[in-house]
Amino acid sequence: MRASHVAQQKTDKACLVTALKSNDRLMTVDWADGHQSNFHTVWLRDNCSCDECGDHSGGQRFFELNQLPDTLVNQARLVDGMVQINWRADGHVTTYDPAWLRAHCYCDSERAKRRPRPITWDASITGKVPEADYPTALDNDAELLKLYDSVRSHGICIVRNVPANTDATEELAGLLSFVRETHY
């Protein structure tokens, strides 16, 4: 069964694979921009998103790590621009989009690029506090992303046009995070 990780990024030089090497512990990917990523085989096998390994939309897993064979000998190769891994012990095949692999590279330099960079407040924020529109955020993914990004980056976002009922506020809070009931 084939698993395909679809990346939402455009394919560019950073996502073009120039070489693949693999063994029972590691798969090494050389990228066209000169970067090299190392992915542990256990991580690769655990991140297979095919239907045989689990229902990833609901979070149910059919394949568990304790089912791994003693050795994860694999053969990785490029097939039609995708990274295909054949797991020799059970014959399973996992296919990754190179852009997905690059976006999930866990080396220090790539993680540092993806790390959120909080914006500290000072007097310059006066009159420039991020804002979002409630009805638009509920109906428009780009506006909702803007709201998420504002909260993550600034720690605050003014949301306009929120209906006066508590359900609307709770619905919005639930989109941002788990809502914990307190007595405050």
Worksheet entry | Distance in Å, T95 OG1 paired with W100 CH2, rounded so as to fall on 0.5 Å steps | 12.5 Å

Discussion item. I need the N47 CG to H40 NE2 distance, nearest 0.5 Å.
Written reply: 13.0 Å

Discussion item. Is the ring pair Y96/W43 parallel, tilted or perpendicular, if the boundaries are 30 and 60 degrees?
Written reply: parallel

How far apart are the closest heavy atoms of [X] and [Y], and which atoms are they?
{"X": "H35", "Y": "C105", "value": "NE2-SG, 3.6 Å"}
{"X": "R102", "Y": "C15", "value": "CB-SG, 4.2 Å"}
{"X": "V17", "Y": "P98", "value": "CG2-CB, 3.8 Å"}
{"X": "S37", "Y": "W31", "value": "OG-NE1, 2.8 Å"}
{"X": "W87", "Y": "T41", "value": "CH2-O, 3.6 Å"}
{"X": "N161", "Y": "Y134", "value": "O-CB, 3.6 Å"}

Could you pull out all residues at least two apart from [X] that satisfy side-chain contact (heavy atoms from CB on, under 4.5 Å)?
{"X": "N140", "value": "T136, A142, E143"}
{"X": "S177", "value": "none"}
{"X": "N86", "value": "Q75, R77, Q84, V93"}

Fill in: salt_bridge(D108, R115) N-O dist < 4.0 Å
no

Worksheet item: When you check the gap from the basic side-chain N to the acidic O, do K146 and D149 get nearer than 4.0 Å?
Response: no

If we only count heavy atoms from C-beta on, is the [X] to [Y] side-chain gap below 4.5 Å?
{"X": "L172", "Y": "L147", "result": "yes"}
{"X": "C50", "Y": "H92", "result": "yes"}
{"X": "V29", "Y": "Q36", "result": "no"}
{"X": "H104", "Y": "Y106", "result": "no"}
{"X": "N74", "Y": "N23", "result": "no"}
{"X": "V83", "Y": "L20", "result": "yes"}

Worksheet item: Could you walk me through whether D33 and L16 pass the side chain to side chain contact (heavy atoms under 4.5 Å, CB included) check?
Response: CA-CA 8 Å; D33 67 351; L16 295 176; over 6 Å; no

Suppose clustering is done on Ile, Leu, Val, Met, Phe, Trp and Tyr with side-chain heavy atoms closer than 4.5 Å. Which residues sit in the same group as [X]?
{"X": "V179", "answer": "none"}
{"X": "I156", "answer": "W121, I125, V129, I158"}
{"X": "I119", "answer": "none"}

Excluding sequence neighbours, so at least two apart, what forms salt bridge (charged side-chain N to carboxylate O under 4.0 Å, His left out) with [X]?
{"X": "D90", "answer": "R45"}
{"X": "K113", "answer": "E110"}
{"X": "D133", "answer": "none"}
{"X": "R25", "answer": "none"}

Discussion item. How about CD on E131, more than 12 heavy atoms from neighbouring residues, nucleotides or ligands closer than 6.0 Å, or not?
Written reply: yes

Worksheet item: Take atom CZ in R152; do more than 12 heavy atoms of anything else shown fall under 6.0 Å from it?
Response: yes

Fill in: Steps toward side chain to side chain contact (heavy atoms under 4.5 Å, CB included) verdict (Y148, L175)
CA-CA 9 Å; Y148 288 151; L175 289 174; 3.9 Å; yes

Practice prompt. Using atom types as modelled and distance alone, determine if a side-chain donor or acceptor of S153 lies under 3.5 Å from a backbone N or O of S150.
Written response: no

Worksheet item: Short question: side chain of N38, backbone of L26 - any donor-acceptor pair under 3.5 Å?
Response: no

Worksheet item: Given L44 and L101, is the side chain to side chain contact (heavy atoms under 4.5 Å, CB included) satisfied, shown in steps?
Response: CA-CA 10 Å; L44 289 165; L101 284 172; 4.1 Å; yes

Worksheet entry | With H154 via side chain to side chain donor-acceptor pair (under 3.5 Å) - residues at least two apart | none

Fill in: Under the side chain to side chain donor-acceptor pair (under 3.5 Å) test, residues paired with R88 that sit two or more places apart
none

